[in-house]
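Remember, it's a predicted structure, so these values are computed and weren't measured experimentally. For the numbers below, each heavy atom of this structure counts, side chains included, while hydrogens, waters and symmetry mates do not. Proteins come first, then strands; the chains are lettered A, B, ... in the order of their sequence lines, and each starts at number 1.
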There are 2 protein chains.
Amino acid sequence: MDNAKRELPIKDQFILPDGMIYLDGNSLGPLPKAVEATLQTCVRDQWGQHLIKGWNLDDWMGQPMRVGNLVGRLIGAPEGSVVMGDTLSVKVYQALASALKMRPDRKVILSDSGNFPSDLYMAQGLIAQLAQGHELKIVAPEAVSAAITEDVAAVMITQVDYRTGRIHDMNAITAAAHAAGAVMIWDLAHSAGAIPVDIAASGAEFAVGCTYKYLNGGPGAPAFIYARPDIVADLSTALSGWLGHDAPFAFEASYRPAADIERMRVGTPPVLQLAALEAAMTVWGEVDMHDLRAASIALSELFIAEVEARCPALELASPRDSAQRGSQVSFRFAHGYAAIQALIAQDVIGDFRAPDIMRFGFTPLYLDSDDVRRAVDILQNVLDARLWDNPAFQAVSRVT
Amino acid sequence: MDNAKRELPIKDQFILPDGMIYLDGNSLGPLPKAVEATLQTCVRDQWGQHLIKGWNLDDWMGQPMRVGNLVGRLIGAPEGSVVMGDTLSVKVYQALASALKMRPDRKVILSDSGNFPSDLYMAQGLIAQLAQGHELKIVAPEAVSAAITEDVAAVMITQVDYRTGRIHDMNAITAAAHAAGAVMIWDLAHSAGAIPVDIAASGAEFAVGCTYKYLNGGPGAPAFIYARPDIVADLSTALSGWLGHDAPFAFEASYRPAADIERMRVGTPPVLQLAALEAAMTVWGEVDMHDLRAASIALSELFIAEVEARCPALELASPRDSAQRGSQVSFRFAHGYAAIQALIAQDVIGDFRAPDIMRFGFTPLYLDSDDVRRAVDILQNVLDARLWDNPAFQAVSRVT
């Protein structure tokens with residue numbers, strides 16, 4: 001990567017449709033310019049011309065660790081401690097299954113009501129599978145630390161709330177988990193590429209996350225998993241696939257895990273998705289995470305001030321203190337669903353989360369203060385003109 | 001799909017490097033011509049211009065079922081009974097975990113020594129995770145039916161042996177499993193797109209497979225899973241991810257599985273890989289599986305006859321009876337590793353499987369009898385000239 005840092009935004013690194021103000025990078029990042037050529041090379045020159053030899057000539061087999069190192073730099077993970085693959089839900093399952101094996105005498109998985117539902121569902125599925133009397137205990141976000149009692153095997157928390165953007169204190173909760181003898185798992189889905197993270201400094205055992213949001217890896221980009229290097233050699237692996245084997249191509253009869261984080265690999269890596277993601281990661285060579293955070297806060301504060309001044313029907317759902325807030329701002333509005341559809345119809349792209357959350361992501365890689373002001377102009381018009389009252393906007397079906 | 005069938009091969013549907021004879025489609029299929037434009041559209045026009053709206057406008061969310069139906073037609077699965085996602089190892093785990101829950105009083109998973117190691121590893125990982133006294137029993141391929149006793153919960157078999165191409169009798173083994181009250185899981189990795197399969201007629205509960213071999217979906221293409229429609233609504237789901245939920249975007253607190261095969265979905269689908277695969281599947285509209293099978297047998301028989309006449313050092317490792325053999329032919333040779341490298345250096349692409357298997361796939365989509373004869377010419381030269389004795393070929397490192 002190029003180490004020369006540039007002022008933000010770096011809009012010229014992205015394809016952005018003319019006229020669109022994209023406030024949904026917290027759901028799916030836009031297309032980095034580098035992706036198309038890289039993916040074409042991967043398809044035409046590698047798969048097309050090298051065929052099976054691509055595994056060696058183009059080091060497809062090394063992609064999961066190579067890209068893992070690029071992600072690791074953004075979350076404070078040492079070289080060789082992060083590997084890519086599968087989906088975030090699968091990575092949650094792997095981390096949780098390993099964590100429970102580390103604390104066989106404890107039966108509680110602690111999470112909070114701000115966690116993304118799929119994390120909770122994966123825990124429920126694991127518990128049902130094990131049938132060993134485990135329990136998923138879900139508390140309010142502010143009650144997490146106090147709820148970490150000595151029966152807790154694993155604390156599984158998403159750092160940044162997907163609805164409100166509220167940030168958990170990573171170091172404090174990890175310390176509380178460790179004080180009680182629990183294993184700590186952080187989901188960084190809304191953190192990686194959004195806020196500075198130092199997972200190594202936190203001391204947490206596991207972190208997982210996705211790469212199609214702030215890392216702009218594209219729809220269906222693979223997930224990542226980090227395990228603390230001092231524990232990785234002893235971790236049990238529920239999903240003990242051949243590519244997590246110490247010698248996958250020896251085709252031994254019994255599973256024998258790799259000594260390092262590669263034991264969290266499962267099956268064949270998604271080469272095309274990883275090629276797209278690897279190209280997308282090149283933008284980060286120009287970015288200092290602390291500069292990015294400062295720019296994100298400036299955009300978010302501007303948005304809150306403008307909305308509160310001009311759109312009184314909307315109630316701030318995110319923390320007012322920017323230090324407690326990720327790279328998104330959410331407002332509650334009873335007609336939020338239709339209002340978001342009306343905004344989208346005017347090319348201001350935000351999204352909606354039930355029951356009444358209008359969600360806006362602020363990604364300083366490709367947004368500036370003019371974008372924010374124009375978005376509020378259009379939002380104000382939607383509200384003043386009651387466009388949300390249009391049945392067409394109420395009826396739009398959206399899946400994300 | 002176009003229903004007009006064409007004579008095989010249909011080489012014009014594929015990109016094949018000049019001069020290469022590709023006998024490794026059983027490991028990674030070549031690039032279908034339709035892929036590049038489709039993938040470019042998915043990246044440039046869908047992700048690039050629609051961004052988050054692609055989930056709706058381009059029906060990314062429907063890809064796993066839409067492509068699943070295309071795969072289903074090739075394996076005799078009814079519409080709506082196959083879904084795409086994850087890797088084959090993960091799909092093996094899901095099927096096996098569900099199967100064990102169907103037979104809670106039984107503790108044996110039966111497989112055979114011809115199974116692909118990752119399937120066995122996944123079973124080992126599941127057993128260790130459950131800690132409920134399950135046992136993986138591995139017998140010789142020919143001993144499977146006799147070993148299906150009334151303590152067997154699940155029979156997990158790969159239909160076509162990845163080393164020798166030996167085919168198991170799907171109907172007979174499934175009947176034996178059911179007679180003993182066991183659940184049947186078929187791995188169709190080397191079957192789908194290689195031989196006619198009628199999974200519905202077999203009555204098996206589950207089938208899984210990959211799509212980067214004979215289905216030409218590209219490196220890292222996702223896996224598929226089939227569950228028999230009459231049992232799917234009662235299946236437990238170990239990997240209970242949000243996209244297997246009956247209402248993923250309701251963000252309910254508790255997991256509630258979809259009523260159909262979509263409950264086997266886990267996380268966000270790999271949209272780019274699925275777009276490539278969907279384009280690759282268009283070639284099958286021109287192909288009748290019984291025509292393909294006849295052509296495959298003709299090519300394989302020619303290869304065996306030519307090799308046995310001209311390369312006496314090689315010993316047939318595949319069944320001699322074509323009815324017992326998939327779409328590959330394997331020979332044993334003590335210097336097989338270096339001999340394969342010498343062949344590859346002359347653009348005849350086969351592969352090696354320890355300890356001494358030289359493996360050649362015959363895919364009549366893009367191979368004809370001239371290709372087979374030329375491949376044997378070069379193989380004969382490698383052997384007659386003892387090119388395998390060259391230390392350079394002995395030292396080549398290959399991962400697949």
Largest heavy-atom contact set with chain B, pairs under 4.5 Å, which of [options]:
| options | result |
| --- | --- |
| Gly48(A), Ala238(A), Gly267(A) | Ala238(A) |
| Gly125(A), Ser240(A), Gly220(A) | Ser240(A) |
| Trp60(A), Phe14(A), Tyr212(A), Phe116(A) | Phe116(A) |

Contacting moiety of [X], where chain B heavy atoms sit under 4.5 Å:
| X | value |
| --- | --- |
| Ala276(A) | side chain |
| Leu126(A) | both |
| Asp347(A) | side chain |
| Gln63(A) | neither |
| Gln46(A) | neither |
| Pro30(A) | both |
| Ala131(A) | both |
| Ser254(A) | both |
| Phe251(A) | both |

Practice problem: Measure distances from Ala128(B) to the heavy atoms of chain A and classify the residue's part below 4.5 Å as side chain, backbone, both or neither. | Solution: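 It is the backbone, since no side chain atom gets that close.
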
Counting heavy-atom pairs under 4.5 Å to chain A, which of [options] comes out on top?
| options | result |
| --- | --- |
| Leu120(B), Leu239(B), Leu136(B), Ile127(B) | Leu239(B) |
| Pro117(B), Gly218(B), Pro219(B) | Pro219(B) |
| Gln132(B), Arg256(B), His50(B) | Gln132(B) |

Output yes when a side-chain donor or acceptor of [X] lies under 3.5 Å from a complementary backbone atom of [Y], and no otherwise.
| X | Y | answer |
| --- | --- | --- |
| Ser118(A) | Gly241(B) | no |
| Tyr121(A) | Leu243(B) | no |
| Tyr255(A) | Ala123(B) | no |
| Thr87(B) | Thr268(A) | no |
| Glu36(A) | Arg44(B) | no |

Quiz prompt | Atom pair OG1/CD of Thr237(B) and Gln124(A) - distance to nearest 0.5 Å | solution =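 Going from the OG1 atom of Thr237(B) to the CD atom of Gln124(A) covers 10.0 Å.
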
Exercise. Please round to the nearest 0.5 Å and tell me the distance separating atom CG of Asp351(A) and atom CD1 of Ile52(B).
Key: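 Result: 6.5 Å between the selected atoms.
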
Exercise. Take Trp47(B) and Ile15(A), measure what side chain to side chain contact (heavy atoms under 4.5 Å, CB included) needs, and give me the verdict at the end.
Key: CA-CA 10 Å; Trp47(B) 176 15; Ile15(A) 307 281; over 6 Å; no

Close side-chain approach of [X] and [Y], heavy atoms under 4.5 Å:
| X | Y | result |
| --- | --- | --- |
| Tyr93(B) | Val90(A) | no |
| Asp24(A) | Leu51(B) | no |
| Leu31(A) | Gln49(B) | no |
| Val43(A) | Leu39(B) | yes |

Practice problem: Locate the shortest heavy-atom distance separating Leu130(B) from Gln129(A); write the atom from each residue and the value. | Solution: CD2-O, 3.1 Å

Quiz item: So, for Gln273(B) and Leu272(A), which heavy atoms are closest and what is the spacing to 0.1 Å?
Solution: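 Shortest heavy-atom contact: OE1-N, 2.9 Å.
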
Exercise. May I ask you to list the residues in residues 95-102 of chain A that approach chain B closer than 4.5 angstrom, counting heavy atoms only, ordered by number?
Key: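 Listed by number: Ala97(A), Lys101(A).
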
